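Comments concern the structure below.
Heavy-atom basis, side chains included; hydrogens, waters and symmetry copies ignored. This structure is a prediction, so every number in the text was calculated from the model and none was measured.
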Amino acid sequence: MDRAYLKRRYLVSFEARRLPHIFTDVLVIGGGAAGLRAAIEAAKYGQALMIVKSAMTESNSSQAQGGIAAVLDERDSPALHVADTLAVGADLCDERVVEKVVGEAADHICELVEWGALFDSNGERFDLAREGGHSQRRIVHAHGDATGWEIIRALLEKARQTDRLKIFDHCFVLDLLTDPVEGGPGSACVGAICWHQRYGLQMIWARQTILASGGAGALWRETTNPPQATADGLAIAFRAGVTLADMEMMQFHPTALYIAGASRSLISEAVRGEGGKLVDKFGRRFMGDYHSDCELAPRDVVARAILSQMLKTAGTHVSLDVSQIGVEQFAKRFPRITEQCLKFGIEPGWDLIPVRPAAHYMIGGAHVDIEGRTGLERLYSCGESACTGLHGANRLGSNSLIEALVFGRQCGRGAGESLSLANDKLAAKDLSFVNEPSQRTEMDVLDIRNSLRALMWRNVGPTRTSERLAETLEIIDFWCRYVLDKQFDQPCDWEVQNMLTAARLIAASALKRTESRGVHFREDFPDTDPAWRRHLFVSRQSPP
Ligand SMILES: Cc1cc2nc3c(=O)[nH]c(=O)nc-3n(C[C@H](O)[C@H](O)[C@H](O)COP(=O)(O)OP(=O)(O)OC[C@H]3O[C@@H](n4cnc5c(N)ncnc54)[C@H](O)[C@@H]3O)c2cc1C
């Protein structure tokens, strides 16, 4: 097998002495909830530089709707939140991590309020919502369904007031720079090579680096994620030799707004929580055929039920009937969803909302310990690009924003504290790298991007089989041969190289896990196998 995805160490050739150099104590890659929180913390200890590839508002974090989970009611307790998280995680959660995140959650909500975040409340108490899988009301939300937007607004304002924190936006990180550790066997991360739309290629040298580059939803044709979620961080980490974990675990959300030709947007689970009913193309409510909890069954069950009903009725989608909630009440509780629907002439309450499942949240990522450290020296990771073990094989709704904040702060602190331990001096090294010129013909990269997304949806979606996964690997390997051997000079092409690499790892891991657990469902292995109560790891040194 030609493993093209293993061949490239760096996406572009470079010669250090010909490029501009920037020096910082801590480099943070990504400016969502995880990156912002990490950078604010790191700047307490030294110079911090945060890099984001597009505008600051374009991230999964700013799209988050439902809310952020924390124990804030006297009827609730950390033990209950821990138990709920473990129950959903299908025996793959790291209990110590769950206890850490749950234990620190309330403190992060208070901190956000201190920094100006306005959560929905009656003036004295938060208006706490309850979501599927949570035994108590513990979901803090803002402006009804704009929680992520409000959190990012508050964090960004805090970041802008933070001394020693610089932000570069529209700056694409291509790769982590690694250098052999003096006197040791391994390598350490010494920064990153990036491309700024105005200044071109630059080398950023950092004493510590934090990867907070978000998720991978854009690898699937149907996704709730914005188009920037192209799994760059996962591919970057893989090329640098970092071990990734649980790559087969992608959570699919049952209800994304389905308008053919338009990008999908999330219709929050809270809509079903408030009484929204799922009906098929004949107007028949069908969830009772699949689960006793009907519309409030676990996300993966609802997602598969919708796909099965679409197949049975030859429909392109099913619909949410929210007439019970009422037109005015719906608009008040879900202003962003209402706005989104109205753009397409759908008035929730009067009209049915067309929905179908979509890729939503990447559980797998850079394998980190409880302090957020990856296996590569001087590299931390947090947020959706990391795999901390909090979610196990399935994510409890509203647990990811809080994970991003808890591990963001942890990584910022860890990186900051190690600055005083290391006596290293920042200096540009004479790193250079030359890619062999391609011997193969060119392919249409945009077409491959679209075809890959269709393939991932068809074969590596909510239901999988060994036959379809094997076919996927064959096709991806073919594309990799023609795309990964080229040297491009634009982010849209580098993104496709990253998407192919990450998709390869995801499909291979999904093929390897011959059981169904949490979000990973194999039609040919529908049962959970106790022998598989373990994580799957992949790395350059030990490829799938
Ligand atoms: C529609 C939607 C609704 C959601 N609702 C909820 C919810 O209600 N509650 C909840 O807990 N979770 C929710 N989630 C999940 C949650 O929002 C994310 O898991 C979380 O925000 C991830 O934060 P992050 O900081 O890790 O990544 P992101 O917020 O995605 O940030 C990633 C950052 O990395 C940068 N980046 C990526 N690649 C590069 C590169 N090559 N170079 C430079 N920069 C790069 C991006 O520009 C961006 O700034 C939702 C997600 C979506 C998509």
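Side-chain contact between R138 and L80 is present, with at least one heavy-atom pair separated by less than 4.5 Å. No side-chain heavy atom of R395 sits under 4.5 Å from any side-chain heavy atom of V88. Annotation: side chain of L234 is in contact with side chain of M362 (closest heavy-atom distance under 4.5 Å). Residues L419 and V26 have side chains in contact (heavy-atom distance under 4.5 Å, counting atoms from C-beta outward). At least one side-chain heavy atom of Q410 sits less than 4.5 Å from a side-chain heavy atom of E371. Between F488 and L11, every side-chain heavy-atom pair lies at or beyond the 4.5 Å cut-off. Taking 4.5 Å as the limit, every side-chain heavy atom of M249 sits out of range of all side-chain heavy atoms of C387. At a threshold of 4.5 Å between non-hydrogen side-chain atoms, the residues L405 and L401 do not count as touching.
Side chain to side chain, D84 and S135 meet the donor-acceptor criterion of an N or O pair below 3.5 Å. Remark: the H391 side chain and the E403 side chain contain an N/O donor-acceptor pair separated by less than 3.5 Å. Using modelled atom types, one finds a donor on one side chain and an acceptor on the other under 3.5 Å when comparing K343 with Q340. For T178 and R9, the side-chain atoms include at least one donor-acceptor pair closer than 3.5 Å. Using a 3.5 Å distance cut-off with no hydrogens or angles, the side chains of Q208 and D25 do not pair a donor with an acceptor. Judged purely by distance below 3.5 Å, without hydrogens or angles, the side chains of Q65 and R336 never pair a donor atom with an acceptor atom. Q136 and D73 form no side-chain donor-acceptor contact under 3.5 Å, judged by distance and modelled atom types alone.
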Point to revise | R449/T230 under side chain to side chain contact (heavy atoms under 4.5 Å, CB included): CA gap, chis, key distance, verdict | key: CA-CA 10 Å; R449 185 188 193 110; T230 49; 3.6 Å; yes

Exercise for review: Just do the side chain to side chain contact (heavy atoms under 4.5 Å, CB included) check on V140 and L128 with the steps written out, would you?
Suggested key: CA-CA 5 Å; V140 183; L128 297 176; 3.8 Å; yes

Review point. Yes or no on side chain to side chain contact (heavy atoms under 4.5 Å, CB included) for F407 and V97, after CA distance, side-chain angles and deciding distance?
Key: CA-CA 10 Å; F407 271 87; V97 170; 3.9 Å; yes

**Study point:** Full working for side chain to side chain contact (heavy atoms under 4.5 Å, CB included) between M499 and R453
**Key:** CA-CA 9 Å; M499 289 165 82; R453 298 181 68 208; 4.0 Å; yes

Review point. Would E74 and R125 count as a salt bridge (Lys or Arg N to Asp or Glu O under 4.0 Å) if you check the C-alpha gap in whole Å, the side-chain angles of each, and the deciding distance to 0.1 Å?
Key: CA-CA 11 Å; E74 57 277 10; R125 285 171 165 269; 3.2 Å; yes

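A salt bridge does not link E111 with K158: every distance from a Lys NZ or Arg NE/NH1/NH2 to an Asp or Glu carboxylate oxygen is 4.0 Å or more. Under 4.0 Å is where a charged nitrogen must lie from a carboxylate oxygen, and between K332 and E328 no such pair does. D107 has a carboxylate O that lies under 4.0 Å from a charged side-chain N of R409, or vice versa, which qualifies the two as a salt bridge.
When atom types are taken as modelled, the side chain of H134 and the backbone of G397 share a donor-acceptor pair closer than 3.5 angstrom. Between the S61 side chain and the G32 main chain, no donor and acceptor come within less than 3.5 Å of each other. With hydrogens and angles ignored, the 3.5 Å screen pairs no side-chain donor or acceptor of R37 with any backbone N or O of V406. In this structure, T255 contributes its side chain and I267 its backbone to a donor-acceptor pair below 3.5 Å. Between the side chain of R17 and the main chain of L431, no donor-acceptor pair closer than 3.5 Å is present. Looking at T24, its side chain never comes within 3.5 Å of a backbone N or O of A206 through a donor-acceptor pair. For K44 (side chain) and G416 (main-chain N/O), no donor-acceptor pair under 3.5 Å exists by modelled atom type. No donor-acceptor distance shorter than 3.5 angstrom exists from the side chain of D175 to the backbone of A192, with no hydrogens or angles considered. Here the side chain of R378 pairs no donor or acceptor atom with the backbone of L376 at under 3.5 angstrom. Looking at W220, its side chain never comes within 3.5 Å of a backbone N or O of A358 through a donor-acceptor pair.
Annotation for A142 and T147: closest pair N-OG1, 3.3 Å, computed over non-hydrogen atoms. Summarising the geometry of V52 relative to G30, their closest heavy-atom pair is CG1-C, 3.7 Å, with the distance given to 0.1 Å. For the pair N498 and A231, the tightest heavy-atom approach, listed with the atom from each and the gap, is CB-O, 4.4 Å. Counting all heavy atoms, side chain and backbone alike, I337 lies closest to D145 at N-OD2, 3.1 Å. Nearest heavy-atom pair across L201 and W195 is N-CD1, 3.8 Å. The nearest pair of heavy atoms linking A39 to A48 is O-CB, 4.1 Å.
The aromatic rings of F537 and H535 are tilted relative to each other, their planes meeting at an angle between 30° and 60°.
Atom CD1 of residue I210 and atom SG of residue C411 lie 5.5 Å apart, to the nearest 0.5 angstrom. With values rounded to the nearest 0.5 angstrom, L19 atom CG is found 11.0 Å from I204 atom CD1. With values rounded to the nearest 0.5 angstrom, F252 atom CZ is found 9.0 Å from T223 atom OG1. Between atom CZ of residue R137 and atom CD1 of residue I139 there is a gap of 10.0 Å, rounded to the nearest 0.5 Å. Taking CH2 from W205 and CG from D179, the interatomic distance works out to 7.0 Å, rounded to the nearest 0.5 Å. For the atom pair E150 CD and L155 CG, the distance stands at 10.0 Å (nearest 0.5 Å).
Under the side chain to side chain donor-acceptor pair (under 3.5 Å) criterion, the residue pairs touching residues 112-124 are D120-H141, with sequence neighbours excluded. Residue pairs meeting the salt bridge (charged side-chain N to carboxylate O under 4.0 Å, His left out) criterion with at least one partner in residues 248-257, sequence neighbours excluded, are E248-R513.
Applying the ring-ring contact (aromatic ring centres under 6.0 Å, His included) rule to Y199 yields the partners H196; only residues at least two apart in sequence or on another chain are considered.
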